[in-house]
Colleague: 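This is the structure, below, for whatever I ask next.
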Amino acid sequence: MMLARKVLQNGVGAVAARHLATQALGNAAQRGKRDARVPTAFGVVAALGAGVAWWLLPSRQHRAVTEGTDTEGAESNAADLPVFRRAEVAEHDTLEKRVWVTYDGSVYDITDFIVNHPGGESKIMLAAGKDIGPFWRVYQQHTRPGGLPLELLNRMKIGVLDPSEAAPVVDMSDPYATDPGRHPGLLFHNNKPANAELPIELLMDKWITPNELFFIRHHHPVPVIDPSKFRLTVCGVSVKPIVLDLEDLRHRFPRKEVTTTIQCGGNRRSEFNRTRPTSGISWGLGAMSTATFGGVLLRDVLLYSGLLRPETAEQNGVQHVQFISTDGLMASIPVKKALDVYGDVLLAYEMNGVTLPPEHGGPLRVIVPGHVGVRNVKWVEKIVTSSEEAEGPWQRGIAYKGFSPNVTSFEGLDVESIQSIQEQPVTSAIVEPHSGDTYEPGQPIDIRGFAWSGGGRGIVRVDVSSDGGKTWTTAKLTDGSEQQPHRAWAWTFWEAELTAPKDGPVILCCKATDASYNSQPENPEPIWNVRGLNNNSWHKVFLNPAADDEDD
């Protein structure tokens, strides 16, 4: 109903609206894929695709497209278009100011098209005041030669970028000067070092997160490493010291792929901060991403170096495998995880089918499926088998340890004796709708979200509620639900339809149950900790009733 109303408002008849919506949902049923299966206004319009955008143009633009224009005349007048500087474009980032974007040296006013964007208003607003090129590289259907998106964009052209504008001057004395360029759609908490999460609008856009949108968690500048000169050292207790280059790793060991979700220990810290302030980056939901990594099993490399089997490790007192990064970070995991034939710990040199980008740890990083993000050490250059954990703040200090809610000071506390975080607890979150969205009393509410648990524990159920947890409905598990229940390294998407109450507030919440039948606590207060780690309380979304329509 919401879609039909929206289409009617833009000049398409009710018959056409019903036909297009029915056709899209029929196709979704046949494909069974996430991006075309949810019967929401967002889901249907996304399924209809760019072709429907032609018909959803505001009437002024619709007439211009259907009646035709003098293309030659437009080209001859291109030199007369206004010239803008990038700073001027950046100011136009709200509907009130009108929304401008740039592409390939030109400036466009897309304000009147935003309400009809097939991917939803909130998604296109991520590009407001910016270059849409990086977004279109992720959604490459926009850039097909002769395609409709480019044609529609050209109708909204209002000027060109100033060609004389000087490129930003890079201060090469800045240790961050050589950091790679980053996608403007990410939400940056810091730039130096870079720490950025996916906005909620993009979090579930694809089950596998594109490399450009994978969340970023750095402690230092990105190291500049020449892959041809890279060497990995393996040493320690019960192994013979060896040195391997990338060609050794590629040719001496079987290649393995692992699809895994990596989550920062501080994900959802911002929700803890509503209870009491914590220390650390105020992450939302987006400090987690999923990728398919390619490389060699750490187990194979350790076997090659002489640590033959778990019994050998136990006899020689090996309890931990330490990883040392080029940037100085040190972390470790239990040797049991490293040698587990089902543990899938990887030394990765590829990410989503391409060479591992420096941003995400290239030329080589450790992938420890099911463990907190910091154990997935980037730019790893040394591996040490040991009877002890790695030294340093990220393993033995306060950085990644969970404390009781009563601990607010570390004075007199034996921090090293407290267990470091390895596997993380089960969690879930609602990605759509968003807090502050409206609902119509008595009408369906379509909900989408994700769930994940550490240690490879698969998701067996997600329950959702529209009344703050008084009553529950079991959601449908979708992408990721086919993973083995005790080797489920990646997240699981889910969806549900609830009926909004006819009166009273709508408080959506969700809770997941994993394959070990662990579930989530209701409130953050009992699990609050001063470092703001492992927040897996019920995720809640607050909706407002829609305003009654009034006659003009």
Side-chain angles (χ1 to χ4, degrees), residues 207-209 211 214 232 234 239 244 246 249-250 252-265 288-305 307-310 313 318-323 325 331-354 356 360-380 383 385 420-427 450-460 479-492 514-516:
W207 191 66
I208 299 292
T209 311
N211 291 354
F214 205 92
L232 172 69
V234 181
V239 300
L244 303 169
L246 289 175
L249 292 170
R250 289 191 177 99
R252 292 191 184 189
F253 305 96
R255 183 180 176 277
K256 171 79 173 180
E257 282 193 351
V258 175
T259 299
T260 184
T261 294
I262 298 177
Q263 177 180 234
C264 178
M288 65 187 307
S289 301
T290 299
T292 298
F293 293 94
V296 302
L297 290 173
L298 172 63
R299 179 175 181 271
D300 287 346
V301 173
L302 292 177
L303 291 174
Y304 178 81
S305 68
L307 190 61
L308 298 180
R309 58 189 188 278
V318 178
Q319 298 184 43
H320 305 274
V321 179
Q322 304 174 0
F323 309 114
S325 169
S332 58
I333 61 172
V335 71
K336 178 183 176 182
K337 172 68 173 177
L339 294 181
D340 187 350
V341 68
Y342 300 111
D344 294 331
V345 181
L346 206 66
L347 297 176
Y349 47 73
E350 294 175 356
M351 180 179 182
N352 290 335
V354 300
L356 182 65
H360 299 297
L364 193 72
R365 80 174 294 175
V366 183
I367 297 298
V368 189
H371 283 228
V372 65
V374 71
R375 309 299 168 221
N376 297 257
V377 174
K378 299 185 288 287
W379 316 295
V380 63
I383 298 173
T385 57
S420 301
I421 295 174
Q422 294 285 349
E423 297 179 358
Q424 292 182 277
V426 61
T427 190
F450 66 84
W452 180 78
S453 187
R457 294 178 289 273
I459 301 300
V460 299
D479 295 347
S481 61
E482 72 287 350
Q483 298 176 90
Q484 297 180 36
H486 294 285
R487 208 176 178 182
W489 307 126
W491 54 12
T492 296
D514 69 18
S516 295

Colleague: Dump the intermediate steps for side chain to side chain contact (heavy atoms under 4.5 Å, CB included) on Ile421 and Val374, then the final yes or no.
Modeller: CA-CA 9 Å; Ile421 295 174; Val374 71; over 6 Å; no
Colleague: So which heavy atom on His371 is nearest to which on Pro334, and how close?
Modeller: CE1-CD, 4.4 Å
Colleague: Supply the atom-to-atom distance Leu339 CG to Ile333 CD1, rounded to the nearest 0.5 angstrom.
Modeller: 9.0 Å
Colleague: Output the distance between atom CZ (Phe450) and atom OG1 (Thr261), rounded to the nearest 0.5 Å.
Modeller: 9.0 Å
Colleague: List the atom of Arg375, the atom of Ala331, and the distance in Å for their closest heavy-atom pair.
Modeller: NH1-CB, 3.8 Å
Colleague: Does Ile459 form a side chain to side chain contact (heavy atoms under 4.5 Å, CB included) with Val426? I'd like the steps, not just the answer.
Modeller: CA-CA 8 Å; Ile459 301 300; Val426 61; 4.0 Å; yes
Colleague: Over all heavy atoms of both residues, which pair between Val335 and Ala313 is shortest? Give the atoms and the distance, please.
Modeller: CG2-CB, 4.3 Å
Colleague: What is the distance from atom NE2 of His486 to atom OG of Ser516, rounded to the nearest 0.5 Å?
Modeller: 6.0 Å
Colleague: To check you understand the geometry: which heavy-atom pair defines the closest contact between Ala488 and Gly458, and what is its length?
Modeller: CB-CA, 3.5 Å
Colleague: Would Leu364 and Leu356 count as a side chain to side chain contact (heavy atoms under 4.5 Å, CB included) here? Give the steps.
Modeller: CA-CA 7 Å; Leu364 193 72; Leu356 182 65; 5.7 Å; no
Colleague: Quick one: are Leu298 and Ile383 in side-chain contact, heavy atoms under 4.5 Å?
Modeller: yes
Colleague: Could you state the interatomic distance from CG (Leu346) to NZ (Lys256), rounded to the nearest 0.5 Å?
Modeller: 8.5 Å
Colleague: Are the side chain of Trp491 and the backbone N or O of Trp207 linked by a donor-acceptor pair below 3.5 Å?
Modeller: yes
Colleague: Test your reading of the model: is there a side-chain donor-acceptor pair from Lys337 to the backbone of Pro369, 3.5 Å cut-off?
Modeller: yes
Colleague: Keeping the roles fixed (side chain from Lys378, backbone from Ser325), state whether a donor-acceptor pair exists under 3.5 Å.
Modeller: no
Colleague: Roughly how far, to the nearest 0.5 Å, is CE of Met351 from CD1 of Ile208?
Modeller: 9.5 Å
Colleague: Hey, are the side chains of Arg299 and Val345 touching, using non-hydrogen atoms and a 4.5 Å cut-off?
Modeller: no
Colleague: Please work out which of the three classes, parallel, tilted or perpendicular, describes the rings of Phe214 and His360, given edges at 30° and 60°.
Modeller: perpendicular
Colleague: Evaluate the side-chain proximity of Val301 to Leu249: yes if any heavy-atom separation is below 4.5 Å, no if none is.
Modeller: yes
Colleague: Taking Gln483 for its side chain and Arg457 for its backbone only, find out whether a donor-acceptor pair lies under 3.5 Å.
Modeller: no
Colleague: Quick one: closest heavy-atom pair of Pro254 and Asp300, and the distance?
Modeller: CD-OD2, 3.9 Å
Colleague: Sub-3.5 Å donor-acceptor pair from the side chain of Trp452 to the main-chain atoms of Gly370, do we have one?
Modeller: no
Colleague: Do you know which two heavy atoms are closest between Ala515 and Pro485, and how far apart they sit?
Modeller: CB-O, 3.3 Å
Colleague: Less than 3.5 Å apart, any donor N or O on the side chain of Arg250 or Tyr349 sitting next to an acceptor on the other?
Modeller: no
Colleague: For the side-chain contact (heavy atoms from CB on, under 4.5 Å) test, which of Asp344, Ile262, Leu347, Val366 pairs with Phe293?
Modeller: Ile262
Colleague: Pick one: which of Thr290, Thr259, Asn211 meets side chain to side chain donor-acceptor pair (under 3.5 Å) with Asn352?
Modeller: Asn211
